[in-house]
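The figures here come from the full heavy-atom set of this structure, side chains too, leaving out hydrogens, waters and symmetry mates.
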Amino acid sequence: MRLDKLLANSGYGSRKEVKKLLKSGAVKVDDKVVKDAKNHVNHETQFVTVFGEEVEYREFIYLMLHKPQGVLSATEDRSQKTVIDLLEEEDAMFEPFPVGRLDKDTEGLLLLTNDGQLAHQLLSPKKHVPKTYYAVILGEVTEEDIIAFKNGVTLDDGYVTMPADLTILKAGNQSEIELTIMEGKFHQVKRMFLSVDKKVTYLKRMKMGPLELDEELNLGEYRELTDEEISQLKGEE
C-alpha cells in the first residue's frame, strides 16, 4: 500500500496533509526516514512511525449515511452527485462503497463500507436481511393489501416476491405505511405497490438488518458505526 494512503487511513489527515508530514521527515519506515508519498509499505511486516509513535493501521471503515434525494447510490458518476461526494476527504480515502442501493429519489439509511465480506453477507439473497421502509402512498392502502403482501405479490416482470410485512400508519386518499421486505429487487417497493394499483410518492429506508437510522442525522449527514452496531451487523451478538 502507498505510504500516503496508509497514513491517511490511520488518521494523519488528508493526502495533502500527509505529504507535508512526509516532507518534514517525521515519518520512518523500519527506522529510516521516508519522504516519498508513493513509497509502498507492508503494514503487516514493516514498522511505520510518525514522530516516533507507531502507526496503528486501520483497514475498514463503516459509515451510516442519511441519504438525501437527488444523490446516486454509486461511487462515481461523470455528471451527477454520488453518496461518496457527501463524505469528508479523510473518510473517502478509505474508498468505501454503498452496500446495496437506494433510488435517486429515495431517502434514508445507507451503509457505506470498504469491507467487501460484510457487504456480501448483507446483500446475499440467501441471507434474507430485512429492510424496513416508511412510504407515502397515493391511494388508500387496505387490509387486502396487507394480506396480498404477506402472501407475496407478482411484479411487472412476473417475479413473485417473498412475504412482506405491511403496516398501515394512516389510511386515506394518501396513505402512510411501513413495509419490511426480505429481498432487494430493483425499485421493489414501488413495483409492489404498482402491483396493487397504487403509487409510492415518498420513500425512506429506516432499517437494514439490525441497523436503524440514527434520528439525529440530518439529510446528507453521516457518522461512523459504533463497535456494537458493527458486531450486530456481523452477527456477533
Side-chain angles (χ1 to χ4, degrees), residues 1-68 71-77 81-100 109-123 208-237:
M1 179 182 290
R2 276 177 54 138
L3 184 54
D4 58 351
K5 187 178 179 187
L6 181 137
L7 292 170
N9 283 12
S10 303
Y12 288 93
S14 65
R15 291 261 176 110
K16 194 175 178 182
E17 291 165 334
V18 162
K19 278 177 182 168
K20 283 183 186 174
L21 198 62
L22 286 160
K23 281 180 183 174
S24 75
V27 182
K28 289 183 178 180
V29 178
D30 294 334
D31 285 330
K32 290 180 182 175
V33 172
V34 177
K35 294 186 177 183
D36 184 2
K38 295 176 186 173
N39 195 81
H40 277 71
V41 292
N42 184 330
H43 64 86
E44 291 180 356
T45 60
Q46 291 183 286
F47 188 65
V48 183
T49 60
V50 175
F51 296 117
E53 286 191 8
E54 185 180 357
V55 171
E56 290 186 21
Y57 174 67
R58 183 179 167 203
E59 188 173 5
F60 297 124
I61 192 169
Y62 304 91
L63 304 172
M64 176 194 295
L65 170 71
H66 189 172
K67 179 194 168 299
V71 180
L72 297 182
S73 296
T75 52
E76 57 183 335
D77 189 271
K81 193 173 187 178
T82 74
V83 290
I84 302 303
D85 295 324
L86 299 174
L87 304 183
E88 297 291 336
E89 189 181 354
E90 59 261 32
D91 296 316
M93 283 289 180
F94 284 87
E95 299 176 356
F97 51 86
V99 179
L109 172 65
L110 188 65
L111 174 65
L112 299 167
T113 185
N114 57 351
D115 185 341
Q117 189 174 348
L118 177 64
H120 175 74
Q121 185 180 320
L122 292 171
L123 296 174
M208 181 179 185
L211 198 60
E212 197 163 351
L213 180 64
D214 188 334
E215 290 180 0
E216 292 187 10
L217 287 176
N218 293 320
L219 283 167
E221 290 184 344
Y222 68 95
R223 67 163 173 80
E224 290 199 41
L225 296 193
T226 64
D227 290 342
E228 184 182 357
E229 287 169 335
I230 295 166
S231 294
Q232 287 173 344
L233 278 178
K234 291 181 175 179
E236 295 170 357
E237 291 191 358

Review item, side-chain donor-acceptor pairs of residues 16-23, under 3.5 Å, at least two apart:
from, atom 1, to, atom 2, distance (Å)
E17, OE1, S14, N, 2.7
E17, OE1, S14, OG, 3.4

Sub-4.5 Å side-chain heavy-atom contact between [X] and [Y]:
X: M64; Y: L109; value: yes
X: Y12; Y: V55; value: yes
X: L123; Y: V99; value: yes
X: E229; Y: L211; value: yes

| Residues in ring pair (Phe, Tyr, Trp, His ring centres under 6.0 Å) contact with F47, at least two apart in sequence or another chain | none
| task | Using the test ring pair (Phe, Tyr, Trp, His ring centres under 6.0 Å), find all partners of H66 that sit at least two apart in sequence or belong to another chain. | result |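 Testing H66 for ring pair (Phe, Tyr, Trp, His ring centres under 6.0 Å), a comparison that skips the adjacent residues, returns none.
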Locate the shortest heavy-atom distance separating [X] from [Y]; write the atom from each residue and the value.
X: Y222; Y: L86; result: CE2-O, 3.6 Å
X: P96; Y: A92; result: CD-O, 3.7 Å
X: A74; Y: P98; result: N-CG, 4.0 Å
X: Q46; Y: V41; result: OE1-CA, 3.2 Å
X: S10; Y: Y57; result: OG-CA, 3.5 Å
X: T113; Y: Y62; result: OG1-CD2, 3.3 Å

| request: Determine yes or no for a side-chain-to-main-chain donor-acceptor pair under 3.5 angstrom, with N114 supplying the side chain and F94 the backbone. | output: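 Confirmed, N114 side chain pairs with F94 backbone.
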| said: Closer than 3.5 angstrom, by distance alone: can the side chain of D85 be matched with the main-chain N or O of T82 as a donor-acceptor pair? | reply: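 Answer holds: yes.
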| request: Drop me the distance from R2's CZ to D36's CG, to the nearest 0.5 angstrom. | output: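 One finds 8.0 Å between CZ of R2 and CG of D36.
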Taking only residues at least two apart or on different chains, which pairs with a member in [range] satisfy salt bridge (Lys or Arg N to Asp or Glu O under 4.0 Å)?
range: residues 89-98; answer: K5-E95
range: residues 38-58; answer: R58-E224
range: residues 208-220; answer: D214-R223

